[in-house]
2 protein chains.
Amino acid sequence: MPKEKAPNLSSEIIEDLSIDCIVFGFQKSELKVLLVKHGGGIIKDRWALPGGFVTYNENIDASAYRLLNDLTGVKELYLEQLQAFGEVDRYPTKRVITIAYYALARPDNYELTPGFTASDAKWFTITEISNLPYDHDEILKFAWNRLKRKVKYEPIGFNLLPEKFTLLQLQDLYEAILETKLDKPNFRRKIMKMNLLISCNEKQVGVSHRAANLYRFDKQVYDRLKDEGFIFEF
Amino acid sequence: MPKEKAPNLSSEIIEDLSIDCIVFGFQKSELKVLLVKHGGGIIKDRWALPGGFVTYNENIDASAYRLLNDLTGVKELYLEQLQAFGEVDRYPTKRVITIAYYALARPDNYELTPGFTASDAKWFTITEISNLPYDHDEILKFAWNRLKRKVKYEPIGFNLLPEKFTLLQLQDLYEAILETKLDKPNFRRKIMKMNLLISCNEKQVGVSHRAANLYRFDKQVYDRLKDEGFIFEF
DNA sequence: ATAACTTGTAGTCATATTGACTATAAGATT
DNA sequence: AATCTTATAGTCAATATGACTACAAGTTAT
C-alpha cells in the first residue's frame with residue numbers, strides 16, 4: 001500500500017537529521033563493529049560509524065538501510081532503532097540530530113564495497129575502537145550497553161554465528177558481548193534446556209582437538225523466545 | 001560549561017522535528033497517562049500526547065522538559081528517551097519526525113496547569129485511551145511495552161508510588177503495568193528478599209480492614225539495582 | 001606407540017528459588 | 001459474636017543454580 005503525501009515530498013535531504021548505524025559482527029571470538037572511512041567533508045580520512053542524511057521521501061528505517069548499503073555494500077540485515085542523539089553541539093558546523101540504528105551481522109557473509117561518501121569500510125574489534133568523531137564513541141557505547149542488556153532477555157546469535165556452530169562458539173559470543181567468562185558445563189546445560197538448539201548430528205572438522213557437535217537454531221523456538229522474552233542470568 | 005556554536009543557533013523551531021511525551025502515573029490502582037487537549041491547529045480540541053517542536057538552541061532532552069512544563073505544568077520529573085518515530089506520512093501536512101520521551105510520575109504531586117498550545121490537561125486511565133491523533137496510539141503502545149519489559153530488570157515504583165506505601169500497593173502497580181494477577185505471598189517474598197524496602201514501622205490508617213505495614217524504598221539499594229539491573233520474573 | 005595436551009560432554013551435590021498452596025492474624029462491619 | 005476483608009507467616013514438592021569432578025575423544029609431542 002504505497003502512501004503519497006504532497007508537501008515537501010522530495011528526495012532532498014532533511015538538513016538537520018541524520019542516521020548512524022552500528023553494525024555488530026562476530027569473528028574469531030571477537031565482537032566487531034563496521035566502520036567507514038570518510039572520503040571527504042569535515043572528517044575526511046577518519047573512521048566513523050556509517051551514516052548520512054535522511055531525505056524527505058523515505059522512512060527513517062529505509063534511510064538507514066539505504067545509507068548502510070550505499071556506504072558499505074552491506075544489505076539484507078535486520079536494523080533496529082536505538083534512539084536519537086540530539087545534543088546541540090554534537091555536530092560541529094550546524095545543528096544535526098542523529099538517529100542511531102544497530103544491527104547484528106556475520107562479517108563473512110558480506111563483501112565490503114565502500115561507496116557514496118565512504119572511501120573505505122572495515123570491521124574493527126570493538127575493544128580497539130576509540131576516538132571516533134562527533135559523539136560516535138558515546139553512540140557506540142550506548143549500543144553495546146543495549147546489546148549487553150538485550151542478550152539477557154532475548155535469544156541472540158542467529159544473525160551473528162554461522163548456520164552451524166558449536167556450543168563453545170555460542171559461549172564465546174556471549175563472553176565477547178558481556179566481557180565475562182562463563183562456566184562451560186553450566187552454560188551448556190542452560191542453553192540446552194531452552195530447546196533452542198537442534199543438533200546437526202555433525203562434528204566440526206579441521207580442528208586440532210576433539211571435534212564438537214554442531215548445532216543450529218530452531219527458528220520457531222528462536223522467534224517465539226524473541227517475542228515472549230525470557231530471563232537469562234549468566 | 002555553556003557551549004556556543006555559531007550557525008543557526010536560535011530559538012527558532014526546527015520545522016521537521018518534534019517531541020512527544022508519555023507521562024505514566026499510578027492512581028487508584030490504575031495506570032494513567034497524561035494527555036493534553038489541543039487549543040488550536042490541525043487537531044484542535046482533540047486529546048493527544050503532550051508535545052511540540054524542538055528549537056535550534058536546545059538539547060532534545062531539554063526540549064522535552066520545556067514542552068511538558070509549558071503544556072501541563074508538570075516539571076521536575078525524570079524523562080527518558082524512547083526512540084524516534086519517522087514514518088513519512090505520520091504527520092499530515094508535512095514531514096515531521098518525532099522523538100518520544102517517557103516518564104513516571106505521581107499524579108497527586110502535580111497541579112495540572114494547561115498552557116502554551118494546550119487548552120486542557122488531564123490524566124487518563126491507560127486502558128481507556130484510544131484514537132489518538134497522528135501515530136500517538138502506536139507511540140503509547142510502544143511506551144507501555146517498554147515499561148512492561150523494564151519492570152523485569154529494574155526496580156520501579158519510586159516515581160509512581162507515594163513515599164510510604166504498602167506491599168499491596170506495590171503489587172497493584174506491577175499488576176497494572178503488566179496486566180496480570182500475581183500471587184500475594186510469593187510477590188511479598190520476592191520483593192522482600194531484594195532488600196529494597198525499609199519498614200517505616202507504621203501502619204496505614206483509615207482502612208476498613210487490617211492495616212498493612214508501610215514501607216519506603218531504600219534509595220541506595222534502589223539506585224544500585226537500577227544501575228546493575230536484575231532479573232525479576234513474575 | 002605412548003604420553004601429554006586440548007577441548008567436549010556427562011554428571012554430582014549442596015543450596016537456593018519457584019509456584020501453588022494452607023493457615024492464621026488483625027482488624028472493621030454487620 | 002459472626003462475618004468480612006486484607007495482612008502476613010509458613011509448607012512443600014519440584015526445579016534451577018553454581019561450583020565442581022570425571023571421563024571421553026581426539027591431536028601433537030617424544
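Chain letters run A, B, ... following the sequence lines, proteins first, then strands; residues in each count from 1.
- As rounded to whole Å, 16 Å separates atom P of C:dA20 from atom CZ of B:Phe187.
- Between A:Phe165 and A:Phe217, the gap from one ring centroid to the other is short of 6.0 Å.
- The nearest whole Å value for the distance from the CD atom in B:Gln171 to the P atom in D:dT8 is 12 Å.
- Judged by atom type and distance alone, B:Asn186 reaches the base of C:dA20 through a side-chain donor-acceptor pair under 3.5 Å.
- Of the residues near DNA chain C, A:Gln204 and A:Pro185, the one whose nearest nucleotide (by heavy atom distance) lies more toward the 5' end is A:Gln204.
- Classification of A:Arg149 and B:Glu154 as a salt-bridged pair holds, one side-chain N sitting under 4.0 Å from a carboxylate O.
- Taking atom NZ of B:Lys181 as the reference point, atom P of D:dT6 lies 10 Å away to the nearest angstrom.
- A:Asp183 comes within 4.0 angstrom of a nucleotide base, judged by non-hydrogen atoms across all strands.
- Phosphate proximity of C:dG8 to A:Lys203: absent, as no side-chain N or O sits under 4.0 Å from OP1 or OP2.
- Distance from the side chain of B:Arg188 is smallest to D:dA7 among D:dA7, C:dG8, D:dA16.
- Using a cutoff of 4.0 Å between basic side-chain nitrogens and carboxylate oxygens, B:Asp137 and B:Lys141 are not scored as salt-bridged.
- A:Phe142 has its ring centre less than 6.0 Å from the ring centre of A:Phe85.
- At the heavy-atom level, A:Lys184 lies under 4.0 Å from base atoms of the strands shown.
- Residues A:His209 and B:Tyr215 each lie close to DNA chain D; by heavy-atom proximity, the contact nearer the 5' end of the strand is made by B:Tyr215.
- Interface remark: the B:Arg210 side chain does not form any donor-acceptor pair with the C:dG27 base, using a distance-only criterion of under 3.5 Å.
- Side-chain atoms of B:Arg189 stay outside donor-acceptor range of the base of D:dG10, with no qualifying N/O pair under 3.5 Å.
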